[in-house]
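Positions are given from 1, in the same order as the sequence printed here.
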Amino acid sequence: MEAAVLYAVENGVATITMNRPKSLNSMNDGLINGLHEALDKAVADAEVRCIVLTGNGKAFCAGGDLSYLNNLTGTAEKKAFIAKVGDVAKRITTIEKPVIAWVNGVTAGAGVNLMLACDLIYANTKARFGESFAKVGLIPDCGGLYFLPKAIGVHRAKELMFTGDLIDAATALQIGMLNDVCEEETLKDTVYAMANRLANSAPLAIGLTKKYLNNTALTLDEVLAIEETTQPLLMGTDDCKEGIAAFYEKRNPVFTGK
């Protein structure tokens, strides 16, 4: 049986592919465990500077596998699975390496929220998005109650979550869910152009910027204090010195993460 999640690394970019195309990459225990294992590999590999998350086939991720969820017995088993799903989203936000969602098609339920956990999101023109939980009597999970209103505002989030209606890629871009929409034949090139660019960026600076941007509870005073203590440390790194030297020498910098 083929793995539920595929993992590959090239040019400093780890690609994590959800691989249950017959079920539109819906989430069961095998897929969630596979995502955790793949993230473990990407975090542990110092050569990996950027992560791309995508799905095999016609979908990014159609959310929870309803047949699998239906067979979970008892509150404890259901709670353990939902917690494990949520942990994937949380890990994506706390990994210091940037994560790009390559959305190749249908995205629904927890799949939308998994996508929203990523740092950058690119979709093709055929993609559709639906917070479909209310249609099956559930509340959003996989961090959706946090991620969606943060991305598009609470009133739009309520509308999408209350109705469960599908929206197209152009609408998702317009309301702030996506970074860009591309034709199907150019999407991969767009994603990997950005992934390679980030893989060649200063990893310490990118990681800390992600960390603080994802902490939405920070006040202005707290942000200024972080800047005051963190920026001098970064000024002393090899990466900062290399970046400044490259600027004056009119060449591309070579960052080492030191």
Side-chain angles (χ1 to χ4, degrees), residues 4-5 16 18 20 23-36 39 53-55 58-95 99 101 103-121 123 127-169 171-179 213-217:
V5 174
I16 299 174
M18 293 175 280
R20 302 186 69 224
S23 68
L24 301 180
N25 301 315
S26 58
M27 296 177 179
N28 63 3
D29 204 48
L31 186 133
I32 294 302
N33 287 339
L35 287 174
H36 277 291
L39 290 171
L53 177 63
T54 192
K58 298 179 180 179
F60 177 75
C61 175
D65 184 329
L66 294 181
S67 62
Y68 172 79
L69 296 177
N70 236 9
N71 287 323
L72 293 176
T73 57
T75 301
E77 189 175 1
K78 294 170 185 175
K79 183 176 179 180
F81 179 71
I82 296 302
K84 192 157 54 173
V85 170
D87 281 344
V88 173
K90 183 176 180 180
R91 291 190 67 190
I92 288 172
T93 68
T94 54
I95 290 170
V99 182
V103 182
N104 51 309
V106 175
T107 307
V112 175
N113 303 329
L114 182 67
M115 172 195 85
L116 291 170
C118 297
D119 301 301
L120 300 174
I121 307 168
R128 298 292 182 270
F129 307 88
E131 290 277 358
S132 49
F133 298 93
K135 291 186 172 182
V136 290
L138 298 172
I139 67 165
D141 55 28
C142 199
L145 292 168
Y146 174 84
F147 295 123
L148 190 62
K150 181 182 173 186
I152 68 172
V154 67
H155 291 98
R156 284 191 180 275
K158 286 176 181 177
E159 180 182 356
L160 292 183
M161 289 176 168
F162 290 175
T163 65
D165 289 346
L166 284 174
I167 59 172
D168 61 21
T171 302
L173 178 65
Q174 181 185 9
I175 65 176
M177 288 176 68
L178 310 175
N179 288 90
L213 282 175
N214 282 344
N215 188 349
T216 57

S.K.: Looking only at non-hydrogen atoms, find the nearest pair between S132 and G109 and report the distance.
M.R.: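 Answer, listing the atom of S132 first, then G109: OG-N, 3.5 Å.
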S.K.: Under a 4.5 Å cut-off applied to non-hydrogen side-chain atoms, are L166 and V106 in contact?
M.R.: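 In short, these two side chains do not touch, never coming nearer than 4.5 Å.
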S.K.: Would you mind telling me which of L148, T171, I121 makes a side-chain contact (heavy atoms from CB on, under 4.5 Å) with M177?
M.R.: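 Considering L148, T171, I121, a side-chain contact (heavy atoms from CB on, under 4.5 Å) with M177 is found only for L148.
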S.K.: As a test of understanding, state which of D87, V88, V85 forms a side-chain contact (heavy atoms from CB on, under 4.5 Å) with L35.
M.R.: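 Of D87, V88, V85, side-chain contact (heavy atoms from CB on, under 4.5 Å) with L35 is met by V88 alone.
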S.K.: Do the side chains of T216 and Y146 get nearer than 4.5 Å, heavy atoms only?
M.R.: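 Yes, at least one pair of side-chain atoms sits under 4.5 Å.
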S.K.: Would you say that V5 contacts N33 through its side chain, given a criterion of any heavy-atom pair below 4.5 Å between the two side chains?
M.R.: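 No, side chains not in contact.
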S.K.: Within this structure, what is the CZ-CG distance for the pair R91 and L39, rounded to the nearest 0.5 Å?
M.R.: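 One finds 5.0 Å between CZ of R91 and CG of L39.
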S.K.: Can you tell me if S26 and R20 form a side-chain donor-acceptor pair at under 3.5 Å?
M.R.: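 Note: S26 and R20 side chains meet the donor-acceptor criterion.
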S.K.: Treating N214 as the side-chain partner and T93 as the backbone partner, does any N or O pair qualify as donor plus acceptor under 3.5 Å?
M.R.: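 Between the backbone of T93 and the side chain of N214 there is a qualifying donor-acceptor contact (under 3.5 Å).
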S.K.: Provide the closest heavy-atom pair for L31 versus N25 in the form atom of the first, atom of the second, distance.
M.R.: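 Scanning both residues, the minimum pair turns out to be CD1-O, 3.8 Å.
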S.K.: Nearest 0.5 Å, please: how far is CD in E131 from CG in L145?
M.R.: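 Result: 8.5 Å between the selected atoms.
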S.K.: Answer yes or no: does atom NZ of K150 have more than 12 heavy-atom neighbours from other residues, nucleotides or ligands under 6.0 Å?
M.R.: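 Yes, enclosed.
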S.K.: I want to check something: taking the side chain as every heavy atom from C-beta on, are N113 and P140 in contact at a cut-off of under 4.5 Å?
M.R.: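 Yes, at least one pair of side-chain atoms sits under 4.5 Å.
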S.K.: Would you say that more than 12 heavy atoms from the other residues, nucleotides or ligands in this model lie under 6.0 Å from the CD of E77, or not?
M.R.: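 Yes, CD of E77 has more than 12 neighbouring heavy atoms, counting only those of other groups under 6.0 Å.
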S.K.: For A62 and S23, which heavy atoms make the closest approach, and how far apart are they?
M.R.: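 Closest pair (atom of A62, atom of S23, distance): CB-O, 4.5 Å.
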S.K.: How long is the straight-line distance from CG of N28 back to CG of N71, given to the nearest 0.5 Å?
M.R.: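 Answer for the CG-CG pair, N71 versus N28, is 11.0 Å.
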S.K.: With a 3.5 Å cut-off and no angle check, do the side chains of K58 and N104 form a donor-acceptor pair?
M.R.: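 No.
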S.K.: If we ignore hydrogens and angles and just use 3.5 Å, is the side chain of T107 paired with the main-chain N or O of G105 as donor and acceptor?
M.R.: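 Checked: pair present.
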S.K.: Please report the shortest heavy-atom distance between D141 and I82, naming the atom on each side.
M.R.: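 Taking every non-hydrogen atom into account, OD2-CD1, 3.7 Å.
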S.K.: Looking at L66, is its backbone amide N or carbonyl O close enough to the side chain of N70 to form a donor-acceptor pair, meaning the two atoms are under 3.5 Å apart?
M.R.: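 No: the side chain of N70 does not pair with the backbone of L66.
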S.K.: Return the CG to CG distance between L120 and N179, rounded to the nearest 0.5 Å.
M.R.: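 It is 4.5 Å, given to the nearest 0.5 Å.
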S.K.: What are the two closest non-hydrogen atoms of M27 and Y68, and how far apart are they?
M.R.: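 Looking at all heavy atoms of both residues, the shortest contact is O-CD2, 4.3 Å.
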S.K.: Begin with the C-alpha distance, continue with both residues' side-chain angles, and end with the deciding distance and a verdict on side chain to side chain contact (heavy atoms under 4.5 Å, CB included) for L114 and I92.
M.R.: CA-CA 9 Å; L114 182 67; I92 288 172; 3.7 Å; yes
S.K.: For the residue pair P149 and G144, what are the closest heavy atoms and their distance?
M.R.: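 Scanning both residues completely, I find the closest heavy atoms to be CD-O, 3.5 Å.
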S.K.: Walk me through it: do M161 and I139 pass the test side chain to side chain contact (heavy atoms under 4.5 Å, CB included)?
M.R.: CA-CA 8 Å; M161 289 176 168; I139 67 165; over 6 Å; no
S.K.: I'd like to check F60 versus L53 (side-chain heavy atoms, cut-off strictly below 4.5 Å). Are they in contact?
M.R.: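 F60 reaches L53 side chain to side chain.
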S.K.: Atom CZ of residue position R156 - does it have more than 12 heavy atoms of other residues, nucleotides or ligands inside 6.0 Å?
M.R.: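 Incorrect, the count does not exceed 12.
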S.K.: Take I175 and I167 through the test side chain to side chain contact (heavy atoms under 4.5 Å, CB included) and record every step on the way to the result.
M.R.: CA-CA 10 Å; I175 65 176; I167 59 172; 3.9 Å; yes
S.K.: Which of these passes side-chain contact (heavy atoms from CB on, under 4.5 Å) with F129: D168, V103, D165?
M.R.: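 Of the listed options, the one satisfying the test is V103.
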